[in-house]
Undergrad: 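I have a structure I would like to understand better, so I am pasting it below and will then ask my questions one at a time.
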Amino acid sequence: MQSIAKVLSGDSLGQPVGVHGWIYRTRSSGGIVFVVVRDSTGIIQTTMRKGVVSDAEFELASSAGIESAVEVEGTLAEDKRAPGGLEIRASKFSLVAPSEPFPITEYQSTELLLDQRHLWIRSREQTAVTRIKAAMLRGGREWFQENDYVEVTPPMITGVAPEDSTTLFQIKYFDRIAYLSQSAQFYLESLIYSCERVWALTPSFRAEKSRTPRHLAEYWHLEMEAAWIDNDGNMKVQEELVTAMIGRAAVDCPAELKLLGRDAADLGRIAPPFDRMSYEEAMASLQKSGFDTSWGSDLGAVEERALTKERDTPLFVVNYPKELKPFYMKENPDDHRTYKNSDLLAPEGYGEIIGGSERETDNSLLVDRLREIGESLDNYQWYLDLRKYGSVPHSGFGLGLERMVTWVCKLEHIRDATPFPRTVARVYP
RNA sequence: GCCGUCGUAGCUCAGUAGGUAGAGCGUCCGCCUGUUAAGCGGAAGGUCAACGGUUCGAGCCCGUUCGACGGCGCCA
């Protein structure tokens, strides 16, 4: 047996080949049956003729339904009438396992596809997304390895909750309460004092009742933290990493990208340095476009879309007002109203995929800010400890993997960037 | 949390003025030796989301509940 991709390469033209997979489509016309077979690498038409295969095999082939598991052996032939120009003229057909009528047909609704997700992930589109996502992760892992980052394994169960813990999933943890992690950042920050440069890929959980095309309740969070680098260095890491991830997908998955309407060549234009714009400049630009917004307003979905819609490469927005961002960021010495931070916005209107910053290194400043926002210091004691024993400048960021996949794969909704999306309305299948 | 749309056959949908429930696809049976999500003929298939109300009569009008989807906010 060979992969369908291998057979489609045409190397075996005129020679015996065999494939196994699942029936993608069947059509029959009297004494001939067309069975289009799908495997993980592609689809190919096979033809069964009465008299060439046995009557029993012919009967099986003509009655087998979509998604039946089959094996076909025959001769590879060129034929203009075949989709793709190549077909296997079968000498042998066997049914590995029949399929009941497949619930997903040519007529589909969003609801059906989500209810039948365990079956819909067999689709060519979902398969392409899965492979592209894997390639992006491969590219990221390669980049981290080449740049001396240590992959670490932070916990996903935490005992600490901020005062406003409404966005945390609570779990029963033996005889007390614990929470599912929203971010591994504090754990990564702890690890830089030994490994200096660390990264982790973990699930993050958000109990926000968000109902948008860019939110999941569970998503894969790619986070990095490094000692001795400031926010400019942090942004350089981000643009190089993003470029490496996209580059790997473009090289390894051009066909999958094309299937999704994304030209791999266009992705090749994405290279450091990415454009940079301050929050203040972003505000001015939005006001010029007629937005009723001013200093202190956050960039919402509409604003991010406006800023990135006409772009085909990512955009950094830097130096947000402090009140819009969390307490652990480092104040901008050039403008005390803002932090040394950045959000990376994906182009084409997709919006934020990374949030990052230089971290505050001064223990007393952190304590002040925590008091200001009414947080109990007890919950942060171990985090504050990190500033007591050789505090060093450091920076880091978190990348929402599915958000990046949504952009790279030109998806309309983030739930298609993961095989089994978890949203406020769905935990099945 | 807020705003909006929709629940009718396995799937996608139509259902006019309130008067005995329809189509295409799928399934099953038959025909067809080059189909491209093939074509032709036939058959089976329904608690119209649930509950309550109005009416001689409700898929349709009113109310409540449940579910799903679209968008905003929050965020990656």
Side-chain angles (χ1 to χ4, degrees), chain A residues 23-36 43-52 58 62-63 65-66 77 79-85 87 89 99-116 119 124 164 166-168 181-185 201-224 238 297-305 320 324-326 342-346 350-356 397-407 412-415 417-418 423-426 428:
Chain A
I23 295 183
Y24 185 69
R25 298 271 185 269
T26 59
R27 297 175 281 271
S28 71
S29 182
I32 184 165
V33 180
F34 303 92
V35 175
V36 180
I43 61 172
I44 190 166
Q45 173 167 290
T46 67
T47 63
M48 253 62 62
R49 277 176 195 277
K50 211 168 201 164
V52 178
F58 187 85
S62 54
S63 64
I66 284 174
D79 195 313
K80 270 178 273 182
R81 295 166 297 187
E87 66 180 18
R89 297 193 175 140
S99 173
E100 293 181 20
F102 203 59
I104 302 172
T105 64
E106 58 189 292
Y107 302 107
Q108 309 160 348
S109 62
T110 310
E111 189 175 351
L112 174 82
L113 296 182
L114 289 171
D115 285 341
Q116 305 290 339
L119 302 176
R124 303 182 78 196
D164 178 20
T166 54
T167 66
L168 285 165
S181 170
Q182 289 196 326
S183 164
Q185 179 193 323
L201 176 67
T202 64
S204 272
F205 304 91
R206 302 279 166 106
E208 301 154 2
K209 291 192 173 167
S210 303
R211 202 199 142 71
T212 82
R214 19 201 272 161
H215 287 86
L216 291 170
E218 175 184 1
Y219 68 96
W220 286 85
H221 207 171
L222 198 167
E223 291 172 283
M224 160 273 181
Q238 293 170 48
S297 311
D298 207 352
L299 268 44
V302 183
E303 289 81 12
E304 286 187 3
R305 201 171 300 133
Y320 281 67
L324 297 180
K325 293 291 176 185
S342 61
D343 279 0
L344 183 64
L345 310 185
Y350 281 98
E352 183 174 1
I353 57 172
I354 294 180
F397 62 84
L399 180 156
L401 182 63
E402 284 78 10
R403 284 197 175 172
M404 187 172 167
V405 170
T406 303
W407 157 45
E412 287 180 3
H413 202 296
I414 195 169
R415 66 183 163 225
T418 197
T423 62
V424 64
R426 284 202 178 263
Y428 174 94

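Order of the sequence lines sets the chain letters (A, B, ...), proteins ahead of strands, with each chain counted from 1. In what follows, every heavy atom counts, from backbone to side chain, and hydrogens, waters and symmetry copies are set aside.
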Undergrad: How close or far is atom C1' of B/C25 from atom CZ of A/F102, stated in whole angstroms?
TA: 16 Å

Undergrad: With P as the reference atom in both, quote the distance from B/C2 to B/A14 in angstrom, rounded to an integer.
TA: 30 Å

Undergrad: Which heavy-atom pair separates A/Y428 from A/D115 by the least distance, and what is that distance?
TA: CE2-O, 3.7 Å

Undergrad: Counting Watson-Crick and G-U wobble pairs whose two distances are both under 3.5 Å, find the runs of 3 or more in a row that involve RNA chain B.
TA: B:1-7 with B:66-72, B:10-13 with B:22-25, B:27-31 with B:39-43, B:49-53 with B:61-65

Undergrad: Quick one: does A/T167's side chain have a donor or acceptor within less than 3.5 Å of a partner on A/E208's backbone?
TA: no

Undergrad: Would you say the side chain of A/E106 and the base of B/U12 hold a donor-acceptor pair, judged only by whether the two atoms sit under 3.5 Å apart?
TA: no

Undergrad: Closer than 3.5 angstrom, by distance alone: can the side chain of A/T212 be matched with the main-chain N or O of A/R214 as a donor-acceptor pair?
TA: yes

Undergrad: Can you tell me if A/E303 uses its side chain to pair, donor with acceptor, with the backbone of A/G300 under 3.5 Å?
TA: yes

Undergrad: More than 12 non-hydrogen atoms from neighbouring residues, nucleotides or ligands closer than 6.0 Å to NZ on A/K325, yes or no?
TA: yes

Undergrad: Base, sugar-phosphate, or nothing: which does A/E223 touch, judged by heavy atoms less than 4.0 Å apart?
TA: nothing

Undergrad: In whole Å, I'd like the distance from the CD1 atom of A/I32 to the P atom of B/U35.
TA: 9 Å

Undergrad: Can you check whether any acceptor in the base of B/U33 is under 3.5 Å from a donor in the side chain of A/R49, or vice versa?
TA: yes

Undergrad: Side chain of A/E100, base of B/G10: donor and acceptor closer than 3.5 Å?
TA: no

Undergrad: Tell me the interatomic distance from A/K50, atom NZ, to B/U35, atom P, rounded to whole angstroms.
TA: 18 Å

Undergrad: Does A/S29 reach a base, just sugar-phosphate, or nothing at all? Heavy atoms under 4.0 Å.
TA: base

Undergrad: Between B/G24 and B/G42, how far apart are the P atoms? Round to whole Å, please.
TA: 10 Å

Undergrad: Pick the C1' atom in B/G67 and in B/C61, then give their distance to the nearest Å.
TA: 23 Å

Undergrad: Starting at the 5' end of RNA chain B, which residue's closest nucleotide do you reach first, A/S109 or A/A82?
TA: A/S109

Undergrad: Does A/F34 offer a backbone N or O that forms a donor-acceptor pair with the side chain of A/Q45 under 3.5 Å?
TA: no

Undergrad: Select from A/P101 and A/G30 the residue whose nearest nucleotide in RNA chain B is closer to the 5' end of that strand.
TA: A/P101

Undergrad: Would you indicate whether the side-chain heavy atoms of A/L401 and A/Y219 approach each other to under 4.5 Å?
TA: no

Undergrad: Would you kindly give the CZ-to-P distance between A/R27 and B/A37, to the nearest whole Å?
TA: 6 Å

Undergrad: Which parts of nucleotides 67-76 of chain B does protein reach within less than 4.0 Å, heavy atoms only, written one letter per nucleotide 5' to 3' as B for base, S for sugar-phosphate only and - for none?
TA: -SBBBBBBBB

Undergrad: Between A/R403 (side chain only) and A/I354 (backbone N and O only), is there a donor and an acceptor less than 3.5 Å apart?
TA: no

Undergrad: When the P atoms of B/A21 and B/A37 are considered, how many whole Å apart are they?
TA: 38 Å

Undergrad: Using the C1' atom in both, what is the distance from B/G46 to B/C13, to the nearest Å?
TA: 15 Å

Undergrad: Considering only the C1' atoms, how many Å lie between B/A23 and B/U64, rounded to the nearest integer?
TA: 33 Å

Undergrad: Of the listed nucleotides (B/U12, B/G34, B/A37), which one gets closest to any side-chain atom of A/Y107?
TA: B/U12

Undergrad: Ignoring hydrogens and geometry, is there a side-chain-to-backbone donor-acceptor pair from A/S109 to A/L112 under 3.5 Å?
TA: yes

Undergrad: What's the CD1-C1' distance between A/I44 and B/U35, to the nearest Å?
TA: 16 Å

Undergrad: For A/E402, enumerate each residue passing the side-chain hydrogen bond (donor to acceptor under 3.5 Å, both in side chains) test, keeping only those at least two apart in sequence or located in another chain.
TA: A/K133

Undergrad: For the pair made of CZ in A/F34 and C1' in B/G39, what is the distance, rounded to whole Å?
TA: 13 Å

Undergrad: Using the C1' atom as the reference point in each nucleotide, state the distance between B/G18 and B/U55 in Å, no decimals.
TA: 9 Å

Undergrad: Under 4.0 Å between any heavy atoms, over every strand shown, what does A/S28 touch: base, sugar-phosphate, or nothing? Just pick one.
TA: base

Undergrad: What is the distance from CG of A/L119 to P of B/C11, rounded to the nearest Å?
TA: 14 Å

Undergrad: Check the distance between B/U35's C1' and A/I66's CD1 and give it to me in whole angstrom.
TA: 14 Å

Undergrad: Under a 4.5 Å cut-off applied to non-hydrogen side-chain atoms, are A/R81 and A/T47 in contact?
TA: no

Undergrad: What's the closest nucleotide to the A/T105 side chain, out of B/C32, B/G34, B/C11?
TA: B/C11

Undergrad: With C1' as the reference atom in both, quote the distance from B/C28 to B/U35 in angstrom, rounded to an integer.
TA: 22 Å

